[in-house]
Each structure stands twice: as C-alpha cells, then as structure tokens.
Amino acid sequence: MSRWIWCPLPLLLLLPPLLLLLLREVEAQVENRVIFLPGTFQNVSVSQNETVQAVVSRIPVEVAFITLQFHTQHRNATLSYTRMPGQGQSLTAVDSGLLSPLQPGQVSLSLFLSSPDGDTVVGTGVILPFSGADPVPGACNMEFNLEIDPNVYIHYNLYETTIRFAPANIGYERGETPPACDQSTATNTRWRLQYDVYQYFLPENDLSERSLFSAIQAVADIQGMMANGKWVMRLSSSDVSMALFNSIPGQGVIYSVIVRDPLLNTSASYVPVHTYACSFTSTLDGCYTLGKISTKLFFTISGLAGLFVCFFGHRYFKCELFCMGFSFAAFFFFVLITRTTDLNYDICLALSAVIGVVGGVLLVMSWWRFGSVMACIIVVGLMLGFLIASTVLFTPLGDLDVLRRSDVVFWATFCCIMIIVPLFFLRWPREGNIITCGVVGGYAVVLAVNAYIYTSLSYITLNILKRFLNNNFSSVFTDVPFQTIDFVMITVWVVLGVCGIVLQLFRERSRPFFPPSPYLMWLQERERRKTNVLDPSHHFPPLPNRLLARARQLTKRTEPAGEHTPLLL
C-alpha cells in the first residue's frame, strides 16, 4: 500500500509545473484570440508583433455570407484571411473589411488582425451577417486587390474628398455558384442594383477616439446609417462607382454605401470609411495644428476691422472704403497668385495682404480725388453681392445637379446675384452702404472666430474660393455639418448686423448722405479765397512764395527793423 503511494510521488511532484505550463499556453492562446458574435461590437487591441485571431462563432444557418469590419482612428491595421498576410488575401487600412462566403453547414470562421507598422493598434470591430437574397458588396470587383472587396476607398486633398467602391453582385445561397457579373444587362443580373451614398458628421472640434468609435457603432449597419446618416445621392449600376465631397479639414465625416436590390427589396452595406481631411501624424498642418499663426493673425485683424465697420463704417467713410478695397483686392489677388504660382501659403497670404493695402488706398484716393461716391458704392455693393451670392449657393440650392456639374451655369448664377445687389444702391445709396457695413462687418467677426474655433459658416466663402482655385471642384458635394456652434455664430452674426445697421441709421438720420470729397472741398476753398477780398486768407501769399521767402531768410542776415511809423502825438 505504501509502495503504491510512493511510486507516483515523483509524478505528483512534476504535475504542478506541467499544469502551470499548460495553463500559460492556454492563456496565451486566449489573449491572441477574440470571439465575435454577429452584430456585436468588440474592442480589440493589437500589440506590436502580434497576430490576433478573430473567431466568428454561432453563425445561423440562413446566413450566406458575413463581413468583418475593423476600424481605427488613424493607425493602419491589417485584416487577412490567413495568419500570414498575402497579396489578394489581406487589406491594410484604418477602415478595413473582409467578406467571406459561407459553405453549407459552416457555423464558425476565423480571420486575423495584425499591426503592419509595429505599433499597438486599438480599434473596434463588428460582424454583419447577410442572407442569400441580399446583394454581395464588391463581388464584381475588377479594380482592387481583393477578389470580393466590400470596402469603400477614400482619398482627400485640400479641396475635395473622393470615395470609390467596387460594384456588387446579386445574392446567392450557400454552396451555389456566384452569378456572372458582365455577361448580360438583363433584370436578373447585377445591373439592376442601386447604390445609395450616405454621410454622417462627427461632433465638431472633437478628434477623440471615443467619439469616432461611438459614431462607427451607430452607423455601421444599414438601419443605423439610414436612421442617423444623411442620404446624399443614388447611383445606378451604369454610373461610375465614385462620389466627390467637399473637404473639411478637422471635421470628422463617415461615408457609407448601401447597395439595394429593387427586385427582391433587399440591401447590404459596404464597410463605412471615415476621414478628418487632415493628418494626425504631421507636425505641420496636422489635425491638431490646423490653425496657422499667419491665418490667425490675418483674420484677427480682419475681425477687428469688421467690428469697427459694422458699427462706425458709414460715419468714417474713408476707413470703410479702405476695408472694402482691401478685401476686394486681397481676395482677387490671392486667387490669381495661387493659380499662377507655386508659392508657399504664407507667402501668398502676405502678398495678398500687401496688395490688399494697395487696393484699399487706391479706392480711398479715387474717392478723395474725383469725389464720385456712386463709383465707390458700386464696389461696396459688389462686396455685399458676393456675400449674398455665396450664402445662397451655400444652401442646398448649390448642390443641385445643374449647378454642381456645370461651371457655366454656376458662375452665371453667381454673377447674376452678385450684380443685382448693387442696383439697389443706385436708389438707396446710404441705406445700402449701411446694410453692407453691418452684414459684411459681422461676417468678418465670424471669420475671426473661425480662426480659433471651427464653424461651418466659414465655408460660405471658402467654397467659392475652392471653386476658383480647383478646376474639378464643380462635381463636389459641398454639404457641411450644422451643429451647436454654428447656430451660435449665426445668432452672433445676426445680432451684430442688426445692431450695427440700426445704430448707424439712427445716428446718420440728420447728417448728409455721404461726406464731401476732401479734394473738391479744397478746390472750392481755394476759389473762395481768390474771390473774397474780405477774407484775411485772401491776403496771404501763395504757398510757393511763402516757402521761397522762408528760404531767403535762412541765407540772409536780418537787418534791424528800426522805426517805420511816425509817433502819434
């Protein structure tokens, strides 16, 4: 009995280390594996030099294919069908997705996540199941690397953001042969499919990872995007699978495409993609350093000048003319310099400011010399017309196809609105000038605030500037988000404009319509002195004679005056 107990004693001594090693191995496998349930989001952290196995389990029988989405904020992640990523078997992006057709009887699936740049990547992922009647996103891919590519590819620059995607195919059940993509254009082929493009704006001034992940979870599937996103356009299968949007640096936007089968009344979603139209890693012009010092300085001074013009522009007419001439010349030459040269942004802005000063001085001198108030008022009216035309085309009216696709129609409409406004100044010049001071001055304050706190109102004029500078901007959707800060700034603009207009109309009600030209007043004064012998100034010698006499006194010794008048007895 004792021998039986003693014999396994060495085995008992070796058992704890063996169990410890076994538990460590199981624990390591669990750490490198993440279980996904269909429709449930899972936050995943992929460490350096680590491959995480994404296991999809409990797949229902009626599901014909699934897509695995994985989203990070700005670091790339690699999603692959195999443990070792290969060409045509993986995708590296911040918003990546893989589509896997299922075989009969298959209830589980494994995909793999890794970090391509050697950094720890944190993201959120979800599995979306689709039935055999739903369209298959990207199943007719002929352009991108994956055989079936459900991803939306995004590219942005300063002016526009472009999204592209591969065409879809009609659905099929497990084990069936996929329908041919391009053998026929009949109604029983993929050519009946339609594509709805949606966009969803993240909160303004919010670059946090938490905000992005919450938004992704809200719009990742069809129901979420339709409930929370904004429908932008519908493409047919015969259209180019591409859409253009306005770039808004620093503003997070999520784009998604939903493919619909109108015959079966079914739909499926592509993998949503997001952008901030800026770089998180750039030390210059990155998402955290968008506000250039030169831009802040320029618009801060412009905002202070706009505040002065808003309340005192008509009273100090020369200052108003200088500000209007400065704005007109600076805008025009900024467009001209940017389109014709490759100078740096700061240099272009500095040159535009210098030329703007020259333009302001020229406008003031033209009024000082010629005294033509109406000619100057026309320039002022064009400034108000420019702002009104920009505001009209900033509304959804500017996204009409006839205006968005044709530069001729767009600029003709813009110029008509811009030219009509100064016509009212011919009948009511003083009232028109005061209204311009209030509206344009108030908007200058809004632009100054935008240099520090983002507001969508800056795109009223920025969209026009982008269309001037970019030949291909005509096809871009110019939607921008309207959130709390925008309604606050609209209120500020309206209050400033109304207060400035009312104050100036009240203060100038008993004054002449416009101050007289200083040069014309000087001419009249000179003529008056020549003809009015009773005016003491009539006996003063002319200015050249006085200067010559003073020069002679400096070179000639002064003699004593002596007595020149007789004594009065």
Side-chain angles (χ1 to χ4, degrees), residues 63-69 79 81 87-93 95-102 128-155 160-174 176-199 219-222 225-226 229 231-245 254-275 401 405 475-477:
V63 175
F65 62 93
I66 63 170
T67 58
L68 171 59
Q69 304 178 16
L79 185 60
Y81 290 106
Q87 182 69 21
Q89 298 293 317
S90 64
L91 179 68
T92 300
D95 299 287
S96 56
L98 294 180
L99 187 145
S100 299
L102 300 176
L128 296 182
F130 298 97
S131 67
D134 297 327
V136 185
C140 290
N141 174 38
M142 298 293 292
E143 182 178 359
F144 306 108
N145 293 329
L146 297 175
E147 181 179 357
I148 301 178
D149 197 338
N151 294 278
V152 177
Y153 293 88
I154 192 166
H155 175 74
E160 63 188 17
T161 298
T162 306
I163 64 169
R164 298 160 57 222
F165 55 93
N169 201 353
I170 58 177
Y172 55 92
E173 297 293 342
R174 293 191 186 192
E176 293 183 358
T177 303
C181 288
D182 296 319
Q183 286 185 355
S184 172
T185 58
T187 56
N188 61 343
T189 64
R190 63 117 178 160
W191 293 95
R192 71 177 186 236
L193 300 179
Q194 299 174 342
Y195 304 88
D196 288 340
V197 181
Y198 287 82
Q199 66 179 174
V219 300
D221 57 359
I222 300 173
M225 180 55 77
M226 292 178 60
W231 180 85
V232 178
M233 62 187 302
R234 172 168 292 177
L235 300 174
S236 65
S237 295
S238 58
D239 294 327
V240 179
S241 54
M242 180 179 67
L244 297 176
F245 298 87
I254 299 175
Y255 298 99
S256 181
V257 178
I258 297 177
V259 54
R260 303 184 185 277
D261 189 336
L263 183 63
L264 301 179
N265 195 24
T266 56
S267 58
S269 64
Y270 284 73
V271 177
V273 62
H274 77 279
T275 181
D401 287 341
R405 299 183 183 275
S475 58
V476 175
F477 283 92

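Since the model is a prediction, treat every value here as computed from it, not as a measurement.
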Check whether any side-chain heavy atom of [X] lies under 4.5 Å from a side-chain heavy atom of [Y], and answer yes or no.
X	Y	value
Leu91	Ser96	yes
Leu128	Gln69	yes
Tyr255	Phe245	yes
Ser267	Val259	no
Leu264	Arg192	yes

Closest non-hydrogen atom pair, [X] against [Y]:
X	Y	answer
Met225	Ile254	CE-CG2, 4.4 Å
Val136	Phe65	CG2-CE2, 3.8 Å
Ala168	Pro137	CB-CA, 3.8 Å
Met233	Ala243	SD-CB, 3.7 Å
Asn141	Glu147	CB-O, 3.8 Å
Pro150	Leu98	CG-C, 4.2 Å

Inset, instruction - Anything under 30° is parallel, anything over 60° is perpendicular, the rest tilted; go ahead and classify Tyr153 against Phe144. - result: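 Plane angle under 30°, so parallel.
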Inset, instruction - Indicate the ring-plane relationship of Tyr195 and Phe165, choosing parallel, tilted or perpendicular according to the 30° and 60° boundaries. - result: tilted
Legend entry - Full working for side-chain contact (heavy atoms from CB on, under 4.5 Å) between Thr67 and Phe130: CA-CA 8 Å; Thr67 58; Phe130 298 97; 3.7 Å; yes
Legend entry - Enclosure of Asn188 CG (heavy-atom neighbours >12, cutoff 6.0 Å): yes
Legend entry - Glu176, CD: over 12 other non-hydrogen atoms inside 6.0 angstrom: yes
Legend entry - Flag, side chain of Asn265 to backbone of Pro262, donor-acceptor distance under 3.5 Å: no
Legend entry - Under 3.5 Å donor-acceptor, Tyr81 side chain and Gly88 backbone: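 Checked: no pair found.
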Pairwise distance [atom1]([X]) to [atom2]([Y]) - rounded to 0.5 angstrom:
X	Y	atom1	atom2	answer
Ile222	Ser269	CD1	OG	5.0 Å
Asp221	Ile258	CG	CD1	8.5 Å
Leu79	Ser90	CG	OG	8.5 Å
Asp95	Ile154	CG	CD1	8.0 Å
Asp149	Cys140	CG	SG	12.5 Å
Asp261	Leu193	CG	CG	5.5 Å

Inset, instruction - Kindly write out the residues that satisfy side-chain hydrogen bond (donor to acceptor under 3.5 Å, both in side chains) with Ser236, not counting sequence neighbours, or none if the list is empty. - result: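 Listed in chain order: Ser238, Asp239.
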Inset, instruction - With side-chain contact (heavy atoms from CB on, under 4.5 Å) as the test, would you mind laying out the steps for Thr161 and His155 before giving the verdict? - result: CA-CA 6 Å; Thr161 298; His155 175 74; over 6 Å; no
Inset, instruction - Not counting sequence neighbours, which residues clear salt bridge (Lys or Arg N to Asp or Glu O under 4.0 Å) with Asp196? List them please. - result: Arg234, Arg260
Inset, instruction - Report the C-alpha distance between Asn169 and Ile148 in whole Å, list the side-chain angles of each, state the deciding distance to 0.1 Å, and finish with yes or no for side-chain contact (heavy atoms from CB on, under 4.5 Å). - result: CA-CA 10 Å; Asn169 201 353; Ile148 301 178; over 6 Å; no
Legend entry - Audit row: Glu173, Leu102, side-chain contact (heavy atoms from CB on, under 4.5 Å) steps and yes/no: CA-CA 9 Å; Glu173 297 293 342; Leu102 300 176; over 6 Å; no
